[in-house]
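Input: a single structure, listed below in structure tokens.
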There are 2 protein chains.
Amino acid sequence: MLTIGKLGEAAGVKVPTIRYYEQIGLLPEAERSAGNQRLYGRKAQERLAFIRHARDLGFTLEAIRDLLSLSDRPDQSCAAADAIAKAQLAEVESRLARLTALKTELERMVVQCAGGSIADCRVIEVLSDHSLCATDHRHPESEVQS
Amino acid sequence: MLTIGKLGEAAGVKVPTIRYYEQIGLLPEAERSAGNQRLYGRKAQERLAFIRHARDLGFTLEAIRDLLSLSDRPDQSCAAADAIAKAQLAEVESRLARLTALKTELERMVVQCAGGSIADCRVIEVLSDHSLCATDHRHPESEVQS
DNA sequence: CCTAATGTCTCTAGCAACTATAGCTTCAAG
DNA sequence: CTTGAAGCTATAGTTGCTAGAGACATTAGG
């Protein structure tokens with residue numbers, strides 16, 4: 001049995017984050033020691049590793065919640081898990097496309113800057129006027145994290 | 001003079017967002033009509049367009065605050081603006097690198113899924129075990145939005 | 001066995017950048 | 001003159017944590 005600190009160390013997750021995951025029901029309530037400290041066994045360790053890994057891949061906690069509940073029912077079809085992963089892939093692809101456009105625009109901006117005064121600064125100028133942009137980098141959908 | 005609704009429409013920014021920008025001091029306090037409604041002139045319109053455009057390019061509000069104060073002093077060197085833009089470019093590049101790794105991993109995951117039951121699901125399996133991954137996609141620094 | 005240092009506990013508040021809600025007032029059209 | 005849209009303020013919620021306060025638990029050294 002591991003204390004929360006050891007568990008966090010093992011999984012690469014900070015202690016308050018583990019407590020937070022428990023609080024929002026992503027991890028079950030931990031067993032407690034005589035002195036009321038949380039104790040974790042191998043199952044909890046695996047579950048946390050799963051969460052960590054999915055977070056690293058950019059899945060939201062909501063998606064992870066769904067994936068975890070799927071993984072708890074090994075006899076069911078994996079279509080749902082597949083769909084979640086595909087949605088995440090699509091999300092990542094769309095972010096990639098957008099970031100690529102941003103990169104292009106920022107590069108143009110930085111390269112064109114001759115280093116004079118603000119009055120002639122391309123950075124400020126381009127920011128002031130979208131029509132100076134080569135690509136259409138406008139905010140497409142809502143985007144969060146990662 | 002535009003009302004807040006018209007301004008938002010013109011700039012592609014939602015009304016509450018404009019009020020929020022005013023609240024955090026990114027936009028100056030607007031003039032008011034006799035009936036206490038906000039009224040905006042061309043300067044405010046340009047400032048909001050600048051903000052919107054910079055947000056679209058992924059700059060944080062803090063960076064935008066700096067860029068705006070730079071653009072208010074046209075006689076100064078543009079080195080600072082250049083540095084902000086370069087930092088943003090670096091940020092975008094690092095996010096791109098990470099997202100590219102994520103995409104690779106998610107594709108592998110999705111392609112390998114044979115569509116059977118959860119028990120044999122590659123998606124779940126890979127999430128359970130990082131050593132099944134081809135790339136090192138571990139969370140490098142902190143990352144936000146965009 | 002005692003003490004000091006570290007670890008853990010709960011609870012609350014804060015971060016970015018908004019978005020949503022409630023309950024009110026003002027404005028423009030018919 | 002009335003109705004409905006748009007505006008006002010203020011507060012709370014979103015996501016995924018992170019930081020802090022103040023109290024208890026555990027462990028290592030002397």
Side-chain angles (χ1 to χ4, degrees), chain A residues 1-27 29-40 44 48 50-68 88 91 95 139 141-146, chain B residues 1-27 29-40 44 48 51-68 88 91 95 139-146:
Chain A
M1 292 303 241
L2 301 177
T3 63
I4 197 170
K6 301 293 174 193
L7 177 69
E9 215 172 312
V13 177
K14 286 176 193 152
V15 167
T17 304
I18 299 173
R19 288 196 280 248
Y20 169 71
Y21 287 162
E22 177 181 314
Q23 190 194 306
I24 63 168
L26 212 55
L27 289 175
E29 295 200 7
E31 287 178 60
R32 298 297 180 117
S33 72
N36 197 37
Q37 303 197 342
R38 289 173 181 81
L39 291 176
Y40 298 92
L48 183 57
F50 184 104
I51 295 170
R52 167 79 213 266
H53 194 196
R55 282 299 292 140
D56 281 348
L57 285 167
F59 287 91
T60 64
L61 292 182
E62 258 321 287
I64 293 171
R65 200 187 289 276
D66 293 345
L67 287 167
L68 280 169
Q88 174 62 11
E91 173 70 28
R95 283 211 293 254
H139 217 75
E141 334 90 66
S142 78
E143 16 168 353
V144 212
Q145 39 104 241
S146 216
Chain B
M1 293 302 240
L2 302 176
T3 62
I4 197 170
K6 301 294 175 195
L7 177 69
E9 218 172 309
V13 176
K14 286 179 193 153
V15 168
T17 304
I18 299 173
R19 289 196 279 246
Y20 169 70
Y21 287 162
E22 177 181 313
Q23 190 194 308
I24 64 169
L26 211 55
L27 289 175
E29 295 201 6
E31 288 178 60
R32 298 298 180 117
S33 72
N36 197 38
Q37 303 197 342
R38 288 174 182 81
L39 291 177
Y40 298 92
L48 183 57
I51 296 171
R52 168 77 214 268
H53 194 195
R55 281 300 293 140
D56 281 348
L57 286 166
F59 288 90
T60 64
L61 293 183
E62 259 320 289
I64 294 171
R65 199 186 291 275
D66 293 344
L67 288 167
L68 280 169
Q88 175 62 12
E91 173 70 32
R95 281 212 294 256
H139 217 74
E141 335 90 67
S142 78
E143 17 170 351
V144 211
Q145 39 103 244
S146 218

**OP:** Please examine the side chains of A/Tyr20 and A/Leu61, heavy atoms only from C-beta on, and report whether any two atoms are closer than 4.5 Å.
**Re:** yes
Original post:
If you pin B/Leu61 and B/Ala34 to their nearest nucleotides in DNA chain C, which one's is more 5'?
Top reply: B/Leu61
Subject >> Salt bridge present between B/Glu22 and B/Arg19 (N-O < 4.0 angstrom) >> reply: no
**OP:** Report the residue (A/Thr17 or B/Gly5) whose heavy-atom-nearest nucleotide on DNA chain D is the more 5′ of the two.
**Re:** B/Gly5
Original post:
Does C/dC18 have OP1 or OP2 sitting under 4.0 Å from an N or O in the side chain of B/Arg52?
Top reply: no
Subject >> Atom pair distance, as rounded to whole Å: OH in A/Tyr20 and P in D/dG20 >> reply: 19 Å
Original post:
OP1, OP2 of D/dC17 versus side-chain N and O of A/Tyr21: anything below 4.0 Å?
Top reply: yes
Subject >> Nearest-angstrom distance from the residue atom CD1 of A/Ile4 to C1' of C/dC9 >> reply: 10 Å
Subject >> Distance below 4.0 Å between A/Arg55 side-chain N/O and D/dC17 OP1 or OP2 >> reply: yes
Subject >> Selection from C/dT10, D/dT26, D/dC8 that lies nearest to any side-chain heavy atom of B/Arg38 >> reply: D/dC8
Original post:
Looking only at side-chain N and O atoms, does B/Lys14 come under 4.0 Å of OP1 or OP2 in C/dT19?
Top reply: yes
**OP:** For A/Ile18 and C/dC9, give me the distance from atom CD1 to atom C1', rounded to whole Å.
**Re:** 14 Å
**OP:** Please check the phosphate of C/dC27 (OP1 and OP2 only) for any side-chain N or O of B/Ser33 closer than 4.0 Å.
**Re:** yes
Original post:
Rounded to the Å, how far apart are B/Phe59 CZ and C/dA16 C1'?
Top reply: 17 Å
Subject >> Exercise: identify the closest heavy-atom pair between A/Leu68 and A/Leu26 >> reply: CD1-O, 4.0 Å
Subject >> Protein-nucleotide distance (A/Met1, atom CE; D/dA25, atom P), rounded to Å >> reply: 19 Å
Subject >> Gap between atoms CD and C1', on A/Gln23 and D/dC17 respectively (whole Å) >> reply: 11 Å
**OP:** Give a yes/no on whether any side-chain N or O of B/Arg32 is located under 4.0 angstrom from OP1 or OP2 of D/dT9.
**Re:** yes
Original post:
Does a nitrogen or oxygen in the side chain of B/Arg19 sit under 4.0 Å from OP1 or OP2 of D/dT9?
Top reply: no
Subject >> Rounded distance (Å) that lies between atom C1' of D/dT15 and atom CG of A/Leu26 >> reply: 13 Å
Subject >> Chi angles and distances behind the side-chain contact (heavy atoms from CB on, under 4.5 Å) call for A/Glu9, A/Leu2 >> reply: CA-CA 10 Å; A/Glu9 215 172 312; A/Leu2 301 177; over 6 Å; no
Subject >> Nearest-angstrom distance from the residue atom CD of B/Gln37 to P of C/dT25 >> reply: 13 Å
Subject >> Side-chain heavy-atom pair B/Arg32, B/Arg38 within 4.5 angstrom cut-off >> reply: yes
**OP:** Report the nucleotide, chosen from D/dG16, D/dT18, C/dT19, that has the shortest atom-to-atom distance to any side-chain atom of A/Pro16.
**Re:** D/dT18
Original post:
Between A/Thr3 and C/dT8, does any side-chain N or O lie under 4.0 Å from OP1 or OP2?
Top reply: yes
